[in-house]
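Reviewing the structure listed below.
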Amino acid sequence: MTTPYSFEHDAFASSLHERFAHLGDGAESGTTVKVAGRVMLLRTQGKLAFATMRDSSGEIQLFALSAVTTEFEDFVKLHLGDWVGVEGEVVRTRRGELSVKVGSWQLLAEAKLNFGDKWAGISDHELRYRHREADLWANPESRLALTRRSELVRSMRQRLWERSFTEVETPILNGIPSGAAARPFVTHHNALDAEFFLRIAPELWLKRLVVGGFERVFEIGRLFRNEGISPRHNPEFTTLELYAAYWDFNDMMALTEELVADIARDVLGTTEVSYQGRPFSFAAPWPRLSMSEITSEKIGEEVSVHTPESRLHALLAERGIALHDSWGPGRCLSELFEATCEADLWNPIFITEHPVEISPLARRHRRDALLTERFEAFAVGRELANGFSELNDPDEQRARFEEQARLAAAGDDEAMTIDHDFIKALEWGLPPTAGLGIGIDRLAMLIADVANIREVIAFPTLKPLRDA
RNA sequence: GCGCCUCUAGCUCAACGGCAGAGCAAUGGACUCUUAAUCCACAGGUUUCGGGUUCGAAUCCCGAGGGGCGCACCA
């Protein structure tokens, strides 16, 4: 069967429900519209037929009558899932359902596969993720989650543009993986006969743009980390990273909480929501506690990077955490925090003043040289954002990289690689600058109220099927 | 990478050591206001794959593969 190359439609389901809300039962509007979408349900009744048609906006009933509808015999043979274009009058049936009384209609495309049980939909996770196109039609909440994500990103861009940030794009193929501590994916460029790494963070490139004079830049883009997959981890994921010249980490925390609360209001209309059945608030300001403060409070004794290492080791041992040779007091404190506090941080909170030992790109704290002016925002027990006053001293950055190289030599396969081009950039002068990173997928999970990161990724990474 | 759970018709699920079933979808038919329409009829399967135990395996055991959850890694 030949189907048309185009169909000119002039109405959406949801707009019809708005425009004709006051049309009485059994009344005819006198208005003819053209709508298009997929047949989701079909009820035939002799010389009448009722179809529920869904488009991107919602659903509208199609009311076909043998006396009115062209090719009525074919209409009643439509399959669930078929795409149709319909021209007809807007009416409300005697039973009160707003409908398009089908005059002429066209089959736009046939669905040769069905979309699952018309009541239960598709619940098999594997089928849903491998064939999201079917999931999206069978399960409206799947489409809603991806729509929320789209609205989130749109809001984020608008809110950053409003604040004079410039959106940029930086390389995904990198000669060295830099800007974070993570295992990279490796690929190969044939013509250059060179090894490339998919980026694990855009951080160093973005700071080079600040050196170049972009005082406020941001990038929303895909990162790739060669790590385990879990309900909260996809190997490719999306982050916002931004940098603002002349700001410090306090300024950046203020932006973070405002930005996220604004996004919640833009997308959901409120900052007060629930996540997985539990109340949750995006409202700013968010509490601020240093890593040392919250950990001390939690374990009931004062701990910090100045605590004797023997005591830190004992506290770790009490909690069954295996100590690694390379861990100094900073790493020990961080491990203690993660083990005792992180999972309980439900509403957004800033944890600040991370040890310099675990923050090779952050500037030393102005009041304590063992700490940095860094913050992480946590929500629902997970890290939501990370930011700091940027280290802008090239000599110290070189020394920090060299320390990372020592860790790598000692067997830490996630220690940062030394980036000489970045050090050179700092030698041209990076003004005082603060940076921020927010995991878009993680934030989308909160906004969409879903438990698995795959729900907010259209096509999440799955193990390829292979022949036995 | 490790542990636990899981895989039955296109979809949602039964059967849990004794003939592999239902609803929906599909197919044929009835029906002029349906709402997961209803009714009648018909069809649909190497029970993910490969071994094993047994008189007999969807069911028990071993292995492989996919998926879910937890741990590890991490955001």
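As the structure is a prediction and not an experimental result, all values here were calculated from the model. Throughout, a chain's letter reflects where its sequence line sits, starting with A, and its residues are numbered from 1.
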Base partner of [N], which must satisfy Watson-Crick or wobble distances under 3.5 Å:
N	value
C71(B)	G1(B)
G10(B)	C24(B)
U47(B)	none
U38(B)	A30(B)
C55(B)	G18(B)

Tell me: [atom1] of [X] to [atom2] of [N], nearest whole Å?
X	N	atom1	atom2	result
Arg183(A)	C73(B)	CZ	C1'	6 Å
Leu127(A)	C11(B)	CG	C1'	8 Å
Lys101(A)	U32(B)	NZ	C1'	13 Å
Leu465(A)	A64(B)	CG	C1'	14 Å
Ile200(A)	A75(B)	CD1	P	9 Å
Glu342(A)	A72(B)	CD	P	11 Å
Phe63(A)	U35(B)	CZ	C1'	13 Å
Met53(A)	U35(B)	CE	C1'	16 Å

At 4.0 Å (heavy atoms only), tell me whether [X] reaches a base, stays on the sugar-phosphate, or touches nothing.
X	result
Gly439(A)	nothing
Asn452(A)	sugar-phosphate
Thr93(A)	base
Gly116(A)	sugar-phosphate
Gly121(A)	sugar-phosphate
Thr44(A)	base
Asn386(A)	nothing
Leu113(A)	nothing
Leu462(A)	sugar-phosphate
Phe115(A)	nothing
Lys463(A)	sugar-phosphate

Q: Would you say whether Phe237(A) stacks on A75(B)? The test is a distance between ring centres of less than 5.5 Å and an angle between planes of less than 30°.
A: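 Yes; by the centre-distance and plane-angle rule, Phe237(A) counts as stacking on A75(B).
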Q: Take Phe378(A) and Phe337(A) through the ring pair (Phe, Tyr, Trp, His ring centres under 6.0 Å) test and state the conclusion after the steps.
A: CA-CA 12 Å; Phe378(A) 290 87; Phe337(A) 161 76; 5.4 Å; yes
Nearest-0.5 Å distance that lies between atom [atom1] in [X] and atom [atom2] in [Y]:
X	Y	atom1	atom2	value
Phe282(A)	Tyr275(A)	CZ	OH	10.0 Å
Glu376(A)	His354(A)	CD	NE2	3.5 Å
Asp25(A)	Arg94(A)	CG	CZ	11.0 Å
Arg208(A)	Asp419(A)	CZ	CG	6.5 Å

Q: Could you tell me whether the side chains of Ser142(A) and Arg128(A) share a donor-acceptor contact shorter than 3.5 Å?
A: yes
Q: Verify whether one side chain among Arg199(A) and Thr170(A) offers a donor that lies under 3.5 Å from an acceptor in the other.
A: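 A donor-acceptor contact under 3.5 Å links the two side chains.
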Give a yes/no answer on whether the side chain of [X] brings an N or O atom under 4.0 Å of OP1 or OP2 in [N].
X	N	result
Gln45(A)	C33(B)	yes
Lys118(A)	A25(B)	yes
Asn226(A)	C73(B)	no
Arg130(A)	G67(B)	yes
Arg225(A)	A75(B)	yes

Q. Between Ser66(A) and Ile453(A), who's closer to the 5' end of RNA chain B by nearest nucleotide?
A. Ser66(A)
Q: Find which nucleotide of RNA chain B each of Thr52(A) and His79(A) is nearest to by heavy atoms, and output the residue with the more 5' nucleotide.
A: His79(A)
(Q) Given the structure, check if the side chain of Asp117(A) and the base of G23(B) hold any donor-acceptor pair shorter than 3.5 Å. (A)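 Yes, a donor-acceptor pair under 3.5 Å.
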